[in-house]
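Structure first, commentary second.
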Amino acid sequence: MEPAFAPDLVPVLVPALLVAIYQLISGSSPYLPGIGEIAAASRQMWTGAGFSANVVPSLTNLAVGYLAGLVLGLAVGVALGRAVVLRELLAPVIAFGLNLPGVAMLPVFLIAFGIGPRMQQGVIAFAVFFVVVINTTAGVRNTDPLLVDMARVYRLPRWRRICQVILPAASVSVLAGARVGLSAALLVMVVGEMVGASNGIGAQTLLAQQNFDYAQMWAGIVLLAALGIVLNLGFLAAERRLTHRLRLPAANLQETS
């Protein structure tokens, strides 16, 4: 039996329904401004000078912190996955860091770096690092030993074994960790700006709430939601392209992530 509607329309219909419901209830409370008011506040806050003063610094801190945490997590994860002794020595530290929310480290980073981009980038890297380490370590440990032995037989240098054999074999776990780390990075970016920044998306959203400007507050929330959707779609597109290039099973990747 044919479905009553195309399944592909579900991702469009559900947000449209939520927007329609919000439009119906908007105006019933000062905390729920109309969609037109939110759109006008968004244009005022996030275009022109507002874009360069608030959106660009947020995206810069997010990119720098995320890439730093990703690169360091990959390097440490490969080392832990290959060295049993090192993994056993650092296991308590890694477990502690993984279970410690990144936002809980904000006071430490504020003391170490003060208010500014370095603090925000550092706490984002911290949040991403441990997620990537755990997933990379698991992927490297589960690499087929025959692949590594074959690379040794062909006398590949260690760096080529890591880049051309181990990391491609562990890429499903690595990509899953990178995707989770991206969500954590966005969350920590917002909270970090609310706590220790005078500009940025999170700081402006909090300032609007404190000034009882609910249209601007919702404009910040909408921008953050849109940013999360765009980043997730961009990551999925890059993920599909990489898995196709490496000829990995996409279904397994989706299950892992």
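All figures in this text were calculated on a predicted structure; none of them were measured in a lab.
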Check against side-chain contact (heavy atoms from CB on, under 4.5 Å), Leu100 and Met105: CA-CA 8 Å; Leu100 183 67; Met105 293 296 294; 3.3 Å; yes
Pairwise side-chain contact, Ile38 with Ile221, heavy-atom cut-off 4.5 Å (strictly under): no
Donor-acceptor under 3.5 Å (Trp218 side chain, Ile35 main chain): no
Rounded distance [0.5 Å steps], CZ in Phe130 versus CG in Leu72: 10.5 Å
Pairwise side-chain hydrogen bond (donor to acceptor under 3.5 Å, both in side chains) hits with a residue in residues 59-73, at least two apart: Asn61-Gln120, Asn61-Gln121
Where Leu62 and Leu231 come nearest, the two heavy atoms and their spacing: CD2-CD1, 3.7 Å
Over all atoms of both residues, closest heavy-atom pair of Ala203 and Ala197: CB-O, 3.7 Å
Met194 CE to Leu207 CG distance, which is reported to the nearest 0.5 Å: 11.0 Å
Which atom of Ala215 lies closest to which atom of Glu37, heavy atoms considered: CB-O, 4.0 Å
Nearest atoms (heavy-atom pairs only) where Ala176 meets Asn135: CB-OD1, 4.2 Å
Same apolar cluster (I L V M F W Y, side chains within < 4.5 Å links), Leu67/Val230: no
Expected output: side-chain Asn232 to main-chain Gly228 donor-acceptor under 3.5 Å: no
Inter-residue atom distance Tyr214.OH - Gln209.CD, 0.5 Å rounding: 7.0 Å
Worked check of side-chain contact (heavy atoms from CB on, under 4.5 Å) between Asn211 and Gln216: CA-CA 10 Å; Asn211 291 333; Gln216 291 193 357; over 6 Å; no
Parallel, tilted or perpendicular: ring planes of Phe113 versus Phe109, cut at 30 and 60 degrees: parallel
Side chain Asn199, main chain Ala53, donor-acceptor under 3.5 Å: yes
Least distance between heavy atoms, Ala127 atom then Gly102 atom: CB-CA, 4.3 Å
hydrophobic_cluster_shared for Leu17 and Tyr22, side chain cutoff 4.5 Å: no
Joint cluster assignment, Met189 & Val64, ILVMFWY side-chain distance < 4.5 Å: no
Point-to-point distance, once rounded to the nearest 0.5 Å, from CG of Asn54 to OG of Ser198: 9.0 Å
Arg87 CZ: over 12 foreign heavy atoms closer than 6.0 Å: yes
Val55/Leu223 under side-chain contact (heavy atoms from CB on, under 4.5 Å): CA gap, chis, key distance, verdict: CA-CA 10 Å; Val55 179; Leu223 177 61; 4.1 Å; yes
Rounded distance [0.5 Å steps], CG in Leu182 versus CG in Leu70: 10.0 Å
Residue pair Leu236, Arg179: steps toward the side-chain contact (heavy atoms from CB on, under 4.5 Å) verdict: CA-CA 9 Å; Leu236 286 176; Arg179 186 176 176 185; 3.4 Å; yes
Inter-residue atom distance Met119.CE - Ile124.CD1, 0.5 Å rounding: 9.0 Å
Donor-acceptor contact below 3.5 Å, side chain Ser58 vs main chain Ile201: yes
Ala185 versus Val128, closest heavy-atom pair with distance: CB-CG2, 3.7 Å
